[in-house]
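Convention: sequence-line order gives letters A, B, ...; per-chain numbering from 1.
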4 protein chains.
Amino acid sequence: MGRKKALTKEDVFKATREILMKEGLHGVHFKKLASKLDVGRSTLYEYFENKDDLLLAYMKTLMDEMNEKVEKIPSQIPPNEKLYELLKIILTHAQIHQIDQMIRELQSSNKQMASFFRDELHVDLMKTYDLMIQWIEEAMERELWSREMDSNLIGDLLFHSILLPSRNKIGVEELASQLFSMIENGVSLKKK
Amino acid sequence: MGRKKALTKEDVFKATREILMKEGLHGVHFKKLASKLDVGRSTLYEYFENKDDLLLAYMKTLMDEMNEKVEKIPSQIPPNEKLYELLKIILTHAQIHQIDQMIRELQSSNKQMASFFRDELHVDLMKTYDLMIQWIEEAMERELWSREMDSNLIGDLLFHSILLPSRNKIGVEELASQLFSMIENGVSLKKK
Amino acid sequence: MGRKKALTKEDVFKATREILMKEGLHGVHFKKLASKLDVGRSTLYEYFENKDDLLLAYMKTLMDEMNEKVEKIPSQIPPNEKLYELLKIILTHAQIHQIDQMIRELQSSNKQMASFFRDELHVDLMKTYDLMIQWIEEAMERELWSREMDSNLIGDLLFHSILLPSRNKIGVEELASQLFSMIENGVSLKKK
Amino acid sequence: MGRKKALTKEDVFKATREILMKEGLHGVHFKKLASKLDVGRSTLYEYFENKDDLLLAYMKTLMDEMNEKVEKIPSQIPPNEKLYELLKIILTHAQIHQIDQMIRELQSSNKQMASFFRDELHVDLMKTYDLMIQWIEEAMERELWSREMDSNLIGDLLFHSILLPSRNKIGVEELASQLFSMIENGVSLKKK
DNA sequence: TATGAATGAGTGTTCATTCAT
DNA sequence: GATGAATGAACACTCATTCAT
C-alpha cells in the first residue's frame, strides 16, 4: 500500500502472477488486483482494455521470457542435449501450463483484440513446440533416438511435465535429470 | 411445458460430462445444464442439493467406474504388467484428471455434505494412487525396474499421462503401448 | 442512468428503517432497498458486504444512538428515577426490539464479519440490560422497591414495553408516565 | 415416518406448531412440513389451498382453543379475578403472540379465502381483547381499580406479557402471579 | 386421496465494465 | 493518468404451486 510512483504494467503482471499461483485463474479479478495494487479498480482500464487483454498480455510476457531462454540454447550441441536444456526451461516456467486452460476459457470472448492476441500467443507457443519436435526428429535422424516412438508423444510428454506434482517435492533440477534419464534409458533392468 | 419421461441422475451426469469435456469445469453451471437437458433450472435442485453436490456425485461415479476396473486387474501377473493395465484404465478415464482440479476449487465451499463427500473422493483417489506406487516399488524389489528413479515421479507420470493431447491423435491403445515402452526401455539407441 | 449525489450509508439506513417499520424484517431485501433508493441492486454491495452486514451495521447505529442517551442519565438521581429515564429512552427507540428478533434470525448465517458484529451487538444490548437490572436491584436495596418481584421480570417488562401498541395511541411521554406509575404503585384502589 | 393412516389436518397442525416453536415462522414451509409428516409435498395441497390457508387455519385452531378456555371463566367472580384467569390463559398460549407477526406478513397476499379468513381471525382476536377491556373497565367502575391508567394500556400489557422471556425462567404460574400482583399493587414500598 | 415431477418467480451475490470528474 | 460511483448481466439457490397419473 502507499502507492506514490506511477503504476506500471509490470506491477500489474507481478500481482497477477502472485494471485495466479496462490489461487489459480479463477481468483484473478480486477477487484482483487486493484486492492492488491492499492489503486482504483477503474485505473486498471487505463492499462488494459479488458480482462482478456490483461491475461493475454500477461501470458505474452511469460512466453517472451521463456522464448528468450530457448533461443539461448547453443545450436551446436546435439539435439538430445538441446532437449534436456529445453526441459529445464519448461520446468522453471511452471505458469506456462496455465496457458492451455486460459486459452480454452477465452474461447467464449469475441473481442477482436483478444482474438488477434490469442492467435499471436498460439503462434509463439507453437513456435517452441515445433522447435522441440524438430529437435526430436533430428535426434531420430541422427540415430540417437529410436523411431519407434511417436515424436509428438515425446514432445507432449516433455511439454506437459510441468504438470507433474513431483516438481514441488524433488525440485526442478532433480526432476529434469530423472525424467530425461527415464525418457532416454527407461527404467527396466532387463537387457534390451 | 411438455412433461416428459422423468429426468434421471444419469441424464444429468451425461450432460455434465459433455459440458466438462467441451468447456471445462468453469463452463458447468445449472443454467447451461438445464437448457441442455431442456428442463427448468430449479428442477436440477430436486436431484442435487447444490452445485457441489452435483459435481462431487458426478466425480464419484467416475471414480467408482474406474476403481471397479482397477480391482479386476489380475493379482498374479508381474507388477510391471499390472502397471501397464492400470495405465490403460487411466487413459480411458480421461475425466479423472479433472478431479484434482475440482477438489481444489471446491475447497472454498463449506457445505457439510460436500466436505464429507470430498474426503471420501480423496480417499478413493489416493487408494488408486497408493496401489500404483506399491506396484512400482514391487517392481523395484523384484529387480524388474531400476531404483534410480523416484517412484513417485513414475507414478505421477503415469497418472498425469491422461493430460497428454496425443491421446486424441494416436488413440488410447497405441498411446499406452508407446508410453509404457518408453518408460521401460527409453528412446535412446546408445547401449547402456 | 442519471448519476446523482453519491449514495451514503446513512441513506441506506434511512430506507432500511422505513421498510423495517412498514413491513418488518422479512420485507427488507436488496431489491426493495435498491428500488426505494433508486439505485441498482449491485450498488448496495459497494457499501455493504452482504445482507447480514447491512442489517447488523444498521442495528449497530441504533444501539449506539441509544447507548449514547443512556450514558447521559445523571448518576446522582435515585435508581427508580434513572429507570424512568431509561424507560423513556427505550420507548423512543422502538426499533430496538427488532434486534432480538434479528439476532435470532441471523444465527443461521456463518459469515465471520457477521458473527463478530453480532457478538459485539449482543454485548452492547446486554450492557444496557444489565445496567437496568443493576438499577432495579439498587432500588430494592435502598428499600424503594419491594423484593417480592423478580428483578428480571421488572427488567423484561420495561424492555419489552416498546412492543405495546398503545405507544402509537397515547404517545411516548404519556405511556412512560402511566406505565411507570403502574409499575410503582399498581392500579388497585384497595389499601395494601 | 411410516405413514399408514390417512393424514389429518390435526397432524399438519401438530407439525406446524413444532416447527413454529423450534424455528419460527420463517422455518415453516411445505418442504419441511412434508418431510416431517412423511408425505409428498403436493399432498398438503389436498388439505390446504395454499400456505396462507394453512397458517390461518392453524392460527384459528389456536384461537379457538384459547377462546374455549376464556369462555369457561366463571362470570360471577369479580372482574380483576377474571383478568387474572385470563392472564394465565394468555401465558399458556404463547403461540398466540405469533399471530400479530403472521397477520402482518400475510398483508401481501391477496387471495380471497385468505383475506376472508384473516378478517375472521381478527374478529376472534378482537373479541377476546374487547372482553378484556370490558373487564378492566368494570373493575374501574366498581372502584377496584384506579381510573388513572388508560384501560387500553393495561389491556396491552396483559396481552403482550406473552412476549416476556421470563416466562421460560420462572414458569407461567409464578409469572402470572408476580405480574398480576405488580399490576395491582406496584413495586414501590412508599406509602401511597 | 396421494404423489412424483417439474417449474417460475424471486432473492443473494459476484464481477467486468462504463463514465463523469 | 486516476478514480469513485454506479451498474447490468449472470449465476446459485429457495420455495410455493401446478399437473398428470
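- Under the 3.5 Å distance criterion, the side-chain polar atoms of A:Lys60 are left unmatched by any main-chain donor or acceptor of A:Leu55.
- Residues B:Arg17 and B:Met21 have side chains in contact (heavy-atom distance under 4.5 Å, counting atoms from C-beta outward).
- What separates NZ of B:Lys32 from C1' of F:dA12 is a distance of 15 Å, to the nearest Å.
- Protein atom CG of C:Asn50 is 7 Å distant from nucleotide atom P of E:dT14, rounded to whole Å.
- Neither OP1 nor OP2 of F:dA5 sits under 4.0 Å from any side-chain N or O of C:Tyr47.
- At a cut-off of 3.5 angstrom, counting only N and O atoms as typed in the model, there is a donor on one side and an acceptor on the other between the side-chain of C:Arg41 and the base of E:dG12.
- Look at CG on A:Asp52: it is 13 Å from C1' on E:dC15, rounded to the nearest Å.
- If D:Glu46 and D:Val28 are placed on DNA chain F by their nearest nucleotide, the residue sitting closer to the 5' end is D:Val28.
- B:His29 places its NE2 atom 15 Å from the P atom of E:dC15, with the value rounded to the nearest Å.
- Put simply, the side chain of C:Asp11 gets close to the backbone of C:Thr8: a donor and an acceptor are under 3.5 Å apart.
- Rounded to a whole Å, the CG atom of D:Asp53 is 13 Å from the C1' atom of F:dA16.
- Toward the 5′ end of DNA chain F lies the nearest nucleotide of C:Gly40, the other residue of the pair D:Ser42 and C:Gly40 mapping further downstream.
- In DNA chain E, runs of at least 3 consecutive Watson-Crick or G-U pairs, each pair with both distances below 3.5 Å, span E:2-21 with F:2-21.
- The six-membered or imidazole ring of B:Tyr47 lies away from that of B:Phe13, with a centre-to-centre distance of 6.0 Å or more.
- For the pair C:Lys31 and A:Phe30, both in contact range of DNA chain E, the more 5′-proximal nearest nucleotide belongs to C:Lys31.
- Taking atom NZ of residue D:Lys9 and atom P of nucleotide E:dA2, one finds them 13 Å apart after rounding to whole Å.
- Among the atoms of the strands shown, none is found under 4.0 Å from any heavy atom of D:Phe48.
- Remark: side-chain polar atoms of C:Lys36 are not paired, donor with acceptor, to backbone N or O of C:Glu18 under 3.5 angstrom.
- Regarding A:His26, its NE2 atom lies at a distance of 17 Å from the P atom of E:dT13, rounded to whole Å.
- Phosphate contact (OP1/OP2 of E:dG12, side-chain N/O of C:Lys51, threshold under 4.0 Å): present.
- Residue D:Tyr45 places none of its side-chain N or O atoms closer than 4.0 Å to OP1 or OP2 of E:dA2.
- Atom-to-atom, CG of A:Leu54 to P of E:dC15 comes out at 15 Å; the value is rounded to the nearest Å.
- Under the 4.5 Å side-chain criterion, counting only non-hydrogen atoms from C-beta, B:Leu20 is in contact with B:Leu25.
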message: Go through it in stages, so that I can follow the logic: the residues are B:Val12 and B:Thr16, the test is side chain to side chain contact (heavy atoms under 4.5 Å, CB included), and I'd like the CA-CA distance, side-chain angles, deciding distance and then a yes or no.
response: CA-CA 6 Å; B:Val12 183; B:Thr16 303; 4.0 Å; yes

